[in-house]
Amino acid sequence: MRKRLFIILILLSSFIFTSYDPPEQYVLIQNTTESAIYVYYTSFDSLPKEPALKLFVKEKGMDKPIQSPEYRINAHSNGLVPLYSLKVESEKSKDKKLKLYFITEKNIKEKKWDEIYKNQLYEKKIIIESEELKKDKIIAIYK
């Protein structure tokens, strides 16, 4: 019995303490600013109305750290977006280009998505060409 318990504990500890392996193909987004940003990726030439990005709010009283959604990148931090989902999205585009829209957290907090969509309230737009989507890693920097 002790031998089985020991083996189970070893297996569990190896599972718990393994490091996170990022996807093999991805876009690395570096946020060098003082606040969090939200990244919307799409094949459209402007921000679409749906689906809307939602403000990430940590519930009060939560002691454990929780991970924000992949479209939110903290200040002075990096985020990964799997390239597979971007390639699928770019295939919907007539020009086979992918667009990344960077929206400040302040705008997400203060405005409704309809207003952000209607007035195209993004800070920066990056277009990724179809040739770039063939690479394993793409780096997009938000300054």
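In this text, all values refer to a predicted model and were calculated from it rather than measured experimentally. What's counted below: heavy atoms across the whole structure, side chains too, no hydrogens, waters or symmetry copies.
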Subject >> Backbone N/O of D45 and side chain of K125: donor-acceptor pair under 3.5 Å >> reply: yes

**OP:** List the atom of F56, the atom of P69, and the distance in Å for their closest heavy-atom pair.
**Re:** CD1-CD, 3.5 Å

Original post:
According to the interplanar angle, ranging from 0 to 90°, do the rings of Y40 and W113 count as parallel (below 30°), tilted (30 to 60°) or perpendicular (above 60°)?
Top reply: parallel

Subject >> Partners meeting side-chain contact (heavy atoms from CB on, under 4.5 Å) with T32 (sequence neighbours left out) >> reply: I141, K143

Original post:
In terms of hydrophobic clustering (I, L, V, M, F, W, Y; side-chain heavy atoms under 4.5 Å; direct or indirect links), are L55 and L47 co-clustered?
Top reply: yes

Original post:
Taking only residues two or more places apart in sequence or in another chain, which ones pass side-chain hydrogen bond (donor to acceptor under 3.5 Å, both in side chains) with N107?
Top reply: none

**OP:** Provide the closest heavy-atom pair for K54 versus Y38 in the form atom of the first, atom of the second, distance.
**Re:** O-CE2, 3.5 Å

Original post:
Considering only heavy atoms from C-beta outward, does the side chain of F102 approach that of I29 to under 4.5 Å?
Top reply: yes

**OP:** Heavy atoms only: give me the nearest S35-A75 pair and the separation to one decimal.
**Re:** N-CB, 3.5 Å

**OP:** Could you tell me whether a side-chain N or O of K97 sits under 3.5 Å from a main-chain N or O of E129, the two making a donor and an acceptor?
**Re:** no

Original post:
Is any side-chain heavy atom of L80 closer than 4.5 Å to a side-chain heavy atom of L28?
Top reply: yes

Original post:
Does the side chain of I108 reach to within under 4.5 Å of the side chain of I116, using non-hydrogen atoms?
Top reply: yes

Original post:
Between N31 and N74, is there a donor-acceptor pair closer than 3.5 Å when you use the side chain of the first and the backbone of the second?
Top reply: yes

Original post:
For T42 and L98, which heavy atoms make the closest approach, and how far apart are they?
Top reply: O-CD1, 3.6 Å

**OP:** Mind checking the NZ-CZ spacing from K49 to F44? Nearest 0.5 Å is all I need.
**Re:** 13.5 Å

Original post:
Which residue pairs pass the salt bridge (charged side-chain N to carboxylate O under 4.0 Å, His left out) test with at least one member in residues 107-124, sequence neighbours excluded?
Top reply: none

Original post:
Do other residues, nucleotides or ligands put more than 12 heavy atoms under 6.0 Å from Y71 OH?
Top reply: yes

